[in-house]
Every structure is written in C-alpha cells, then in structure tokens.
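What follows is one structure encoded as structure tokens, with my remarks underneath.
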Amino acid sequence: MSKKNASRPDGLAYSTNKDFFNDFPAEENIETLPKDKQKLRVKLDTKQRAGKVVTLVDCYVGTPDDMEALAKQLKTKCGAGGSVKDGYIIIQGDYKDKIIAWLKDWGYVLTK
C-alpha cells in the first residue's frame, strides 16, 4: 500500500466541505427520565481498583449533564471523590446504604 493510501482508501486527508462527511449517524437526543421512572442500581465494586471499594450507581437514563449533576450531589453528600465513566456514577468508598436512602428521599423510588 502506498503512502497516499495508508490513512484513507481515497487518499483524502482533509476537507473543508461541511457536507462531505454526511454518512455519520445523527446524535440522538437523549431525554432524562423523570425521577420516579429511573431504575437505578447501586452496588459495591473492587474490580481493577487495587482492592479499594467504590460505590457504583448504574442504569441512569438521561443526558450526560444531568448524570454529572446527580454525581456531584452524591459526592458532596458523601464527602468523597468520584467520577462519571462509561455510564456509571462512581463514588469512592462504601456508601451503598446511604446513597440508596438519599436517592429514595430525592424521588428515585425504584432504586435498589
């Protein structure tokens, strides 16, 4: 394969035409489900974390901004660090029972 065809089969490296790459799927508008319809799952995890325990909140359906906002509330309430990765809210430490209670108080009634 020649150098010209190494990156793309048609040899194109850059285009200023905005409509050139119209074959990409459109971004989906994900709407956040109401709190009473969210089926959140809270669990503890130690996999690939050098034996340290983290609390995972899974199954959140909504926009990434809303998920970040919920994660921030949980981190503040727990007084712990954490992040949002791969669709999980990760809180450092064992806060499973507290998080379930807080989520139910906040209106997430289907939390387990």
Atom pairs and distances, side-chain donor-acceptor, residues 81-107, under 3.5 Å, sequence neighbours left out:
none

All N/O donor-acceptor pairs, side-chain side in residues 58-71, below 3.5 Å, sequence neighbours left out:
{"from": "T63", "atom 1": "OG1", "to": "D66", "atom 2": "N", "distance (Å)": "3.2"}
{"from": "T63", "atom 1": "OG1", "to": "D66", "atom 2": "OD2", "distance (Å)": "3.0"}
{"from": "D66", "atom 1": "OD2", "to": "T32", "atom 2": "OG1", "distance (Å)": "2.4"}

Under 3.5 Å, which donor-acceptor pairs link side chains of residues 41-50 to any protein atom two or more places apart or in another chain?
{"from": "R41", "atom 1": "NH1", "to": "L110", "atom 2": "O", "distance (Å)": "3.0"}
{"from": "D45", "atom 1": "OD1", "to": "K47", "atom 2": "N", "distance (Å)": "3.3"}
{"from": "D45", "atom 1": "OD2", "to": "R49", "atom 2": "NH1", "distance (Å)": "2.5"}
{"from": "R49", "atom 1": "NH1", "to": "K47", "atom 2": "O", "distance (Å)": "3.0"}

